[in-house]
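What follows is one structure encoded as C-alpha cells, with my remarks underneath.
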Amino acid sequence: MISKGLPGFRDFPPEDLALRAHIFRVWREVAARYGFEEYDGPPLEPLDLYTGKSGDEIVAQLYSFTDKGERQVALRPEMTPTLARMIGARANGMKKPIRWFSIPQLFRYERQQRGRLREHFQLNCDLIGEAGPLADAEIIALAIDVMRGFGLGPEDVRVRVSDRRFVAFRLAAAGVPDELMPGVFRAIDRMEKDPDGASRMLGELQLAPGAIDWIVRLTDRGHVDDLLRARATVSTPLGATLDWLDKIGLADWIDFDPTIVRGLAYYTGTVFELFDAKRTLRAICGGGRYDTLLQSLGGADLPALGFGMGDVVLGELLKDRGLHPAIAPSIDLFVAAVTSDDVPYVLKLAHELRDAGFRVEYALNGNPVGKQLNLANARGARFAIVIGPDERARGEVQLKDLMAKTQEAVNNTSLVSHLSSLVASRPMSHDPRP
RNA sequence: GUGCCUGUAGCUCAAUUGGUUAGAGCGCCGCACUGUGGCUGCGGAGGUUGCGGGUUCAAUCCCCGUCAGGCACCCCA
C-alpha cells in the first residue's frame, strides 16, 4: 500500500472538493459584495517573520524547518504578517480604507482533533485605515453575511462581541490596577470553560475582594445586561458598534459577551467570535481590532481590524445542517453508438457538442447501448443521444430525455440549437440516484 | 507535548469463553441483456484483521511497542 498522507493533512476527492469549492465560492461572493479585493502571498515564509512579532502561542506551534539553502523557514500559520508586509510596502499610495481579503492555506504543527488539523483554509478579511466604530460594525456584518450566504441564520450561529477597551474601563472602575489587566484578561478568557482555574488565577493576582466578585459575575446574565445598558454612558466605541449593527439590521445575531477575550494578544479593541448556536463545535470565526499591529509588523501606522474564518469547522457545521451542495452531475450529454460503424459519427458529433460548450461523454469501449445508457445515468446526464445505422440513414439522431424518459428524433442540422434551448431552459441535471 | 478510548474489504459493520478456510449489506466488475437506462437474478474481484513483537497447541480476540484516528488537556491559525 502507498504510504498515507501526513497526519492533519487532507485529500480532497471530488465529493469533498465540492464542499470546499462551495465554501470558497460563497466566501468570494460575499466579500466582493462588501467591496473587498482578493490578494495572496507565499505559503512559505522566513521563520523570523513570525518569531519576532507574533505571540508566543503561535510561535510554539509553527510548522518550521530548515530548507536546503540553510534558511530557517515556516509554513505560514497566519496571514496577518504577510498582509502587514504588503500594506507596509504600498500603504502610502493607497486610498483608505483598504478592503482586502484572502483565502490562504495556513499551517500549524500540533496534534489534530475534530475541527482542528495541521492545515486549513481560512477566509481573512481586513479593513485597514479606519479607526471609527462603523468599521467594526462593517467587518462584523461581513462575517454575518457570510453565514447568511451559506443559508445559516441567527438560530444557527451566534456572534459574541466584546471590546477590550470597554471591559478594561469597567475593570479599572471596579478597582483593577493597570498592571494587573493582562492577568485578569487571561482569567476572564478561562471563566467559561474552567471556572475553578479562573478563580485560582484571580486569587493569585492579589486583587481587592470586591474586584474579584465583580469579575466573576461577568458570566452572570443579569450583570452583563446591566453593563450593556450602561454602554451608552461610557465613552467607548462598543456602544456605537452595537448600535450600527442594529441599524444595519443584524442585531438578532449579536450577543454582547465580556468574557470574549481572544487568545491573541495583539487585539486592541473590539473582539468577536462566531459560534454554532448549539455550541457543539469550535469557534467558526474570530476577529477584532488591532490598531497597533501593522506598525509593529510592517511599518504602516494604520488602524485595522479583521477576522479569520476556517473551512474545517464551517464545513462540519454545513454538513450537520444539510447545507452542503448536492452532488452535481459531471456531464450534460451522453452520446451512445449502437454499432461499431456508428462510432466515428459519435466522435464527430461529441466533438462538435463539446466545442459548443456542452459537457459531453461517450463510451470508450464497445459496450451495448443499454450499458452505455447505464453509464449516462450514473454520470447524472440529463440527455443522451443515440446514433445507429437507421438514424444515420435518415440524417438524424435519437435524443433521449433521461429524466422524463422520453425520446424524439432530431434532425442533425438542428441538433445543436435544439439542445441549446433545452439545456438552457431546463434544469441542467437530475439526481443520478434511483 | 500529556492522559483515556478505538483500529477487520472502497464504505457501514459481524465473527461463541482464544478454536478449522475471517462473513454480510452497500458499492465496484462481469453475465442473463448482440438497437435503449436506474429493476431483478446469478457470478466475480477485493483482507498479511493498521504495523511489529510476545504469550499459547492455537490470536481479529490476551500482553507490550509503534503508527493512525476520536475525546479531553495544552492552545485556539
Side-chain angles (χ1 to χ4, degrees), chain A residues 1 3-10 13 15 43 50 54-63 74-82 102-124 186 189-190 193-194 197 260-266 273 275 280-287 306-313 334-342 363 365-392 397-407 430-434:
Chain A
M1 184 167 179
S3 68
K4 300 171 186 171
L6 291 167
F9 286 78
R10 297 170 289 175
E15 62 270 25
Y50 307 108
S54 294
D56 293 339
E57 53 280 279
I58 284 185
V59 172
Q61 296 178 328
L62 274 175
Y63 207 115
L75 291 162
R76 61 185 173 199
E78 58 171 339
M79 199 59 175
T80 308
T82 303
S102 189
I103 305 180
Q105 189 175 22
L106 305 178
F107 304 86
R108 187 160 67 175
Y109 196 91
E110 63 168 356
R111 191 153 167 179
Q112 68 161 323
Q113 278 182 51
R114 182 170 196 240
R116 196 165 193 210
L117 309 173
R118 287 184 170 178
E119 54 80 19
H120 74 157
F121 293 92
Q122 188 187 66
L123 172 66
N124 269 250
R186 272 196 298 277
D189 197 23
R190 293 200 64 83
K193 269 186 311 189
D194 181 14
I260 292 293
V261 174
R262 302 283 302 150
L264 297 178
Y266 54 64
E273 296 185 341
F275 285 88
T280 58
L281 301 171
R282 297 168 186 285
I284 300 163
C285 171
F307 65 79
M309 182 188 297
D311 71 312
V312 180
V313 175
F334 192 97
V335 190
V338 175
T339 71
S340 60
D341 289 340
D342 304 312
N365 53 23
N367 270 351
V369 177
K371 289 290 184 185
Q372 295 183 56
L373 291 175
N374 199 315
L375 180 57
N377 269 313
R379 297 293 197 233
R382 173 65 194 273
F383 296 101
I385 291 166
V386 179
I387 300 177
D390 298 345
E391 286 75 20
R392 281 195 285 119
V397 301
Q398 293 293 332
L399 177 62
K400 296 176 67 68
D401 184 326
L402 292 171
M403 185 163 66
K405 303 192 182 204
T406 58
Q407 179 169 329
H430 69 283
D431 194 329
R433 290 162 298 197

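Residue numbers start from 1 in every chain, and the chains themselves are labelled A, B, ... in the order their sequence lines are given, proteins ahead of strands. Just so you know, these numbers come straight off a predicted model, no measurement behind them.
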Taking only the C1' atom of each, what is the distance from B:C42 to B:C33 in whole angstrom? 13 Å
Six-ring centre of A:Tyr109, A:Arg118 cation under 6.0 angstrom, axis tolerance 45°: yes
On a whole-Å scale, what distance lies between the P atoms belonging to B:C61 and B:G19? 11 Å
If the C1' atom of B:G70 is compared with that of B:C64, how far apart are they to the nearest Å? 23 Å
Would you mind classifying the nucleic acid contact of A:Ile387 as base, sugar-phosphate or nothing, using non-hydrogen atoms under 4.0 angstrom? nothing
Locate the shortest heavy-atom distance separating A:Gly308 from A:Asn124; write the atom from each residue and the value. CA-ND2, 4.5 Å
Quick one: closest heavy-atom pair of A:Val312 and A:Gly115, and the distance? CG1-CA, 3.4 Å
Mind calculating the distance between CG (A:Asn365) and C1' (B:G30) to the nearest angstrom? 13 Å
Tell me whether A:Gln122 contacts the main-chain N or O of A:Leu106 through its side chain, where contact means a donor paired with an acceptor under 3.5 Å. no
Take atom C1' in B:G53 and the same atom in B:U48, then report the distance between them in whole Å. 15 Å
Taking B:G27 as the reference, what is the distance to B:U17 when you measure between their P atoms (whole Å, please)? 33 Å
Min side-chain heavy-atom separation A:Val386-A:Gln372 under 4.5 Å: no
Mind checking what makes ring pair (Phe, Tyr, Trp, His ring centres under 6.0 Å) contact with A:Phe121, not counting sequence neighbours? A:Phe24
Tell me the interatomic distance from A:Asp390, atom CG, to B:U36, atom P, rounded to whole angstroms. 12 Å
Is a donor-acceptor contact shorter than 3.5 angstrom present between the side chain of A:Asn377 and the base of B:G37? yes
Assign each of A:Ala283 and A:Pro7 to its nearest nucleotide of RNA chain B by heavy atoms, then name whichever residue's nucleotide is nearer the 5' end. A:Pro7
Between the main-chain N or O of A:Asn374 and the side-chain N or O of A:Asn377, is there a donor-acceptor pair closer than 3.5 Å? no
On RNA chain B, nearest-nucleotide positions of A:Arg190 versus A:Gly115: which is more 5'? A:Arg190
Give me the distance, rounded to whole Å, that separates B:A45 from B:A58 when you measure between the P atoms they each carry. 31 Å
Between A:Gln407 and B:U36, is there a contact of a side-chain N or O with OP1 or OP2 at under 4.0 Å? no
Identify whether any heavy atom of A:Gly308 sits under 4.0 Å from a base atom; if not, whether one sits that close to sugar-phosphate; answer base, sugar-phosphate or nothing. nothing
Can you measure A:Gln61 atom CD to B:C76 atom P for me and round it to whole angstrom units? 8 Å
How many Å lie between NZ on A:Lys371 and P on B:A32, as a whole number? 9 Å
Is there a side-chain contact between A:Gln398 and A:Ile385 in this structure, where contact means two heavy atoms from C-beta onward sitting under 4.5 Å apart? no
Between N or O atoms, less than 3.5 Å apart, protein on one side and nucleotides 2-9 of chain B on the other: list the pairs.
unit_1 : atom_1 : unit_2   : atom_2 : d
B:U2   : O4     : A:Arg111 : NH1    : 3.3
B:G3   : O6     : A:Arg111 : NH2    : 3.4

Checking B:U36, B:G37, B:C74 against the side chain of A:Asn374 (C-beta onward), the nearest is B:G37
Every stem of 3 or more Watson-Crick or G-U pairs under 3.5 Å that RNA chain B joins, in order of first number, is B:1-7 with B:67-73, B:10-13 with B:23-26, B:28-32 with B:40-44, B:50-54 with B:62-66
Would you measure the distance from the P atom in B:C13 across to the matching atom in B:C71 and give it in whole Å? 16 Å
Tell me: OH of A:Tyr63 to P of B:G1, nearest whole Å? 12 Å
Would you mind classifying the nucleic acid contact of A:Glu391 as base, sugar-phosphate or nothing, using non-hydrogen atoms under 4.0 angstrom? base
Side-chain contact check for A:Gln112: nearest option of B:G70, B:U36, B:G37 is B:G70
Provide, to the nearest angstrom, the distance between the CZ atom belonging to A:Arg118 and the C1' atom belonging to B:A68. 12 Å
At under 4.0 Å between heavy atoms, what does A:Gly287 touch on the DNA or RNA strands: base, sugar-phosphate, or nothing? nothing
Do A:Thr339 and A:Pro389 have side chains that approach each other closer than 4.5 Å (heavy atoms only, starting at C-beta)? yes
So, the side chain of A:Arg282 versus the backbone of A:Phe275: is there a donor-acceptor pair under 3.5 Å, distance only? no
Checking B:G35, B:A72, B:U36 against the side chain of A:Arg282 (C-beta onward), the nearest is B:A72
Check every atom of B:C71, B:G37, B:C75 against the side chain of A:Lys405 and return the nucleotide holding the closest atom. B:G37
Going by distance alone, is a donor N or O of one side chain under 3.5 Å from an acceptor N or O of the other, for A:Gln105 and A:Arg76? no
Over how many whole Å does the gap from A:Arg382 atom CZ to B:G38 atom P extend? 18 Å
Taking atom P in both B:C76 and B:G7, what distance in whole Å separates the two? 34 Å
Charged N-O contact under 4.0 Å between A:Glu110 and A:Arg116: yes
Distance, rounded to the nearest Å, where A:Arg186 contributes CZ and B:C75 contributes P: 10 Å
